[in-house]
Protein chains: 2
Amino acid sequence: MAIPILLDDFDHRLLALLQDDAARTLTALGEAVGLSPSAVQRRITRYRKHGLLQQVAVLDSTAFPAVVLAAVWVTMERESVRTLNAFYARMRAAPEVQQCYQLAGDWDYLVIMATTSVGAYREAAERLFKVDGNIKRYETRLVFDTVKRGLRLPTQAPSARSRRRG
Amino acid sequence: MAIPILLDDFDHRLLALLQDDAARTLTALGEAVGLSPSAVQRRITRYRKHGLLQQVAVLDSTAFPAVVLAAVWVTMERESVRTLNAFYARMRAAPEVQQCYQLAGDWDYLVIMATTSVGAYREAAERLFKVDGNIKRYETRLVFDTVKRGLRLPTQAPSARSRRRG
DNA sequence: TATGAAATTCCCTAAAC
DNA sequence: GTTTAGGGAATTTCATA
């Protein structure tokens, strides 16, 4: 889907910085990687045009004591293209669904949910995971504590990073 | 930890907008919620000072075909304060660990990992989840497909939103 | 105490090189 | 890739309800 984009060392370092803090100025980014602000800007524009990067605000979940997080494992009864597409559409459309991954193994999907109460979670789960011809079984595990939360991706192997440093 | 912060309707709407796209200008945000750019800026500054919000870049994981995502369930042998703190510190320090949640039920923790190869995942898992006096058991499920990915939190009940609209 | 408007500063953007 | 110039946004100040 996305057009392949070739990344050099500057790109990898910029993407790492931006994943930590996207509010930095082009000047600060340029100083960090050894590039002029204009060069940094051109690169970031390129990332955006390729749909590689989007800037979002991440809220501190502990600041919202009412928020209920839950992990749900799901297995499908039989995966016809039609029912699967419907499931995907439901996951993407539902504001309660934060993340949804297809897994290898006995469980087909992992879904991370976020709601404002256990009641709201129950409602959403019954609506989204109703056991019918599509979904065979699902299990809910409420989140007691958030140890770490982020979406950071490594864009190059750790060995390449340390090799370059050493 | 975080100082409680009282949020009004303007705040809820701003936080919703910012969670979708943190690159909007203060003017655009102000027009969307019916506030002057100055007022919007003051509120966002307040969120930042309270540690409520941070701006990050989220990368399109499909644009990095080499990236391997994995979900790991973990159970602890015996949860002494010392070993637990060590585990928490390890999770937070490891760049391969994206998310880590303590769960209700038979599995104690869910860990979402992101590495640049299956080899790198294996290395990281052996290092982070080594079965010893601390960790009893862990199971890995590789992610085949990402249906949805985000960290959006609802800051107020959906009923409150629709009630206000209707 | 929080607002909106105006003035200043700084940054982003798009040229030209 | 850098440097430069211009427009625009963020930030501060100020008057106000």
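In what follows, every chain begins at residue 1, and chains take the letters A, B, ... in the order their sequences are listed. Everything numeric here is computed off the predicted structure, so don't read it as measured data.
In the set D:dA10, D:dG1, C:dT13, the nucleotide with an atom closest to the side chain of B:T25 is D:dA10. For A:S38, counting side-chain heavy atoms from C-beta on, the closest listed nucleotide (C:dG4, D:dT11, C:dA14) is C:dA14.
A close approach under 4.0 Å does not occur between any side-chain nitrogen or oxygen of B:Q41 and OP1 or OP2 of D:dA10.
Atom CG in A:D9 sits roughly 12 Å away from atom P in D:dG1 (whole-Å rounding). Across the protein-nucleic acid pair, A:R43 atom CZ and C:dT13 atom P stand 17 Å apart, rounded to whole Å. The distance from atom CD of B:Q55 to atom P of D:dA10 is 10 Å, rounded to the nearest whole Å. Atom CG in B:L14 sits about 14 Å away from atom C1' in C:dA2, given to the nearest Å. Between A:L29 atom CG and C:dC10 atom P the separation is 18 Å, expressed in whole Å. In this structure, CD1 of B:I44 is placed 13 Å from C1' of D:dA9, rounded to the nearest angstrom. One can place CG of B:L26 at 6 Å from C1' of D:dA10, the figure rounded to the nearest angstrom.
Between A:R46 and A:D11 there is a salt bridge, since at least one side-chain N of the basic residue sits less than 4.0 Å from a carboxylate O of the acidic one.
In this structure, B:R46 reaches neither bases nor backbone, as no heavy-atom distance under 4.0 Å exists between it and the strands shown.
At a cut-off of 3.5 Å, with distance as the only test, no side-chain donor of A:Y121 or A:E123 sits close to an acceptor on the other residue.
Between the side chain of B:R42 and the base of C:dG4, a donor-acceptor pair under 3.5 Å is found.
Separation of atoms CG (B:D20) and CG (B:L15) is listed at 11.5 Å; rounding is to 0.5 Å. Summarising the geometry, atom CG belonging to B:L7 is positioned 6.5 Å from atom OG1 belonging to B:T155; distances are rounded to the nearest 0.5 Å.
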